[in-house]
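We count residues from 1, following the sequence as given. Everything numeric in this text was worked out from a predicted model, so none of it was measured.
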Amino acid sequence: MTTAVDVASTTGTVAVPSAPARVDVLRETYEGTAAALGSLVRLEVSARAGAGQVTGARLVKDPALREWLVGLAGRRITETHGVTPRRDVAALEALHQYAFLATAAMSGPWFLTRRVPWLGPDGIGYDETSGTLTVSPSYVTCLPGDPAAGLPGVRVVPDEEQLRAVLRAAVAHHLGPVLEEFRPLLRRGPRAVWGLATDELAEGIWYMGRVTGQEGRAVAAAGALLPGSTPPFVGAAGFRPCGEGDEEADGEATRTRVNCCLWYTVTPQKLCGTCPRRSR
């Protein structure tokens, strides 16, 4: 077992491996997630995010980068739908693009391999030009029966509930500062942006389940991860079986988003399937 140092996290004080995780362990951890995200991005495991990539640290420190991404999102909406979006709508779309990939980079390995990678502010890098998502975990957390338990850079927790707590902490640690810097652009309060984080985390797991043919298991997993009483996340995953009135639902389950994505302002004639504005 690796020696460890104590650090504070949102789960309290945890033992963190002092040695980095082996490359083969990281690649094994991300194998299924890379395949699942393959239609969206090319996922690579690296010692560090590449220069020029969009990282959490750059989003927090660089207002010009945030403005550029908002402008890019606005232009894409205009080109695709012929509508000039409100600035807060474009900002929400830009944040969604990053937050979905960031949460999936942590929740995907948890759902598929029962491992949680800890990704710091520079641990996720997205290159929009090449469609590459680079992940650089500081360490990995797993359960006692995992073959990686005891290897360098691997932390072990005793049960599923603690592994879920680690995942929530990892997402909050990485995404929290990004949400705070985007709030002025979104004109939203803390509760609203953490509702967005809840939605991205729940729907990233849902996506993983659907593309791997495990929607039922993904829905149950998201419900256990986000039962509605896990601050700073706001609200529950809240999945329900598809039924009458669930328009555009093409899977076994659906949900109503905690936070509106504002897409109704772009295509008011066609609401999202999970839109909270829908009447059931």
Side-chain angles (χ1 to χ4, degrees), residues 1-38 43-47 102-120 123-124 133 135-174 201-230 233 236-237 239 253:
M1 185 70 70
T2 60
T3 57
V5 293
D6 284 343
V7 299
S9 78
T10 52
T11 58
T13 300
V14 297
V16 176
S18 57
R22 291 181 354 194
V23 173
D24 61 325
V25 172
L26 296 179
R27 287 177 177 165
E28 181 184 72
T29 298
Y30 272 102
E31 184 176 2
T33 300
L37 291 176
L43 190 149
E44 297 179 349
V45 177
S46 175
T103 56
M106 290 174 267
S107 67
W110 169 76
F111 175 66
L112 296 172
T113 69
R114 318 315 295 156
R115 294 179 184 175
V116 177
W118 188 273
L119 295 159
I124 299 170
L133 181 69
V135 292
S136 308
S138 303
Y139 63 93
V140 174
T141 302
C142 70
L143 296 170
D146 192 303
L151 294 178
V154 178
R155 173 178 170 251
V156 180
V157 292
D159 55 42
E160 292 279 3
E161 179 50 43
Q162 291 199 40
L163 193 64
R164 287 191 287 266
V166 170
L167 174 58
R168 290 190 295 265
V171 172
H173 175 77
H174 183 93
L201 183 52
E203 295 186 6
I205 297 166
W206 190 19
Y207 173 86
M208 289 287 169
R210 294 180 75 167
V211 299
T212 60
Q214 304 177 74
E215 183 179 10
R217 190 171 78 82
V219 165
L225 179 71
L226 297 166
S229 56
T230 53
F233 298 96
F239 285 97

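Minimum heavy-atom separation, P109 to A104: CD-O, 3.9 Å. Across every non-hydrogen atom of G150 and V156, the tightest pair is N-CG2, 4.4 Å. Closest heavy-atom contact between S107 and G204: OG-C, 4.4 Å. Contact record, G120 with S138: N-OG, 4.5 Å, taken as the closest heavy-atom pair. Between L112 and G32, the closest heavy-atom pair is CD1-C, 3.5 Å. Across all their heavy atoms, V116 and L167 have their closest contact at CG1-CA, 3.9 Å.
Taking E203 as the reference, R255, R257 meet the side chain to side chain donor-acceptor pair (under 3.5 Å) condition, with sequence neighbours excluded. Scored by the side chain to side chain contact (heavy atoms under 4.5 Å, CB included) test, A221 finds W110, F111 as partners (sequence neighbours excluded). Scanning for side chain to side chain contact (heavy atoms under 4.5 Å, CB included) contacts around A237 gives A202, A222, L226, F239, with sequence neighbours left out. Residues forming a side chain to side chain donor-acceptor pair (under 3.5 Å) with Q214 (at least two apart in sequence, or on another chain): T212, R217. Shown here are the side chain to side chain contact (heavy atoms under 4.5 Å, CB included) partners of V23, two or more places apart in sequence or in another chain: R27. Applying the salt bridge (Lys or Arg N to Asp or Glu O under 4.0 Å) criterion to E31, with sequence neighbours excluded, gives no partner residue. Every residue meeting the ring-ring contact (aromatic ring centres under 6.0 Å, His included) condition with F233, not counting sequence neighbours, appears here in chain and number order: W194. Partners of W206 by side chain to side chain donor-acceptor pair (under 3.5 Å), not counting sequence neighbours, listed by chain and number: E215. Remark: T29 pairs with R115 by the side chain to side chain donor-acceptor pair (under 3.5 Å) rule, at least two apart or across chains. With sequence neighbours left out, the salt bridge (Lys or Arg N to Asp or Glu O under 4.0 Å) criterion links R22 to D24.
Within the 4.5 Å cutoff, the side chain of M208 has heavy atoms near those of the L37 side chain. In this structure, T141 and L163 have side chains that are in contact, with non-hydrogen atoms separated by less than 4.5 Å. When side chains are defined from C-beta on, E160 counts as touching L143, because their heavy atoms get closer than 4.5 Å.
The backbone N or O of A105 sits less than 3.5 Å from a side-chain atom of Y30, completing a donor-acceptor pair. In this structure a side-chain-to-backbone donor-acceptor pair under 3.5 Å is present from Y207 to A36. Between the side chain of R114 and the main chain of D146, no donor-acceptor pair closer than 3.5 Å is present.
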Query - Chi angles and distances behind the ring-ring contact (aromatic ring centres under 6.0 Å, His included) call for W118, H174 - result: CA-CA 9 Å; W118 188 273; H174 183 93; 9.8 Å; no

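We find the CD1-CG distance between I124 and L119 to be 4.5 Å, quoted to the nearest 0.5 Å. Distance check: L133 CG to S46 OG gives 11.5 Å after rounding to the nearest 0.5 Å.
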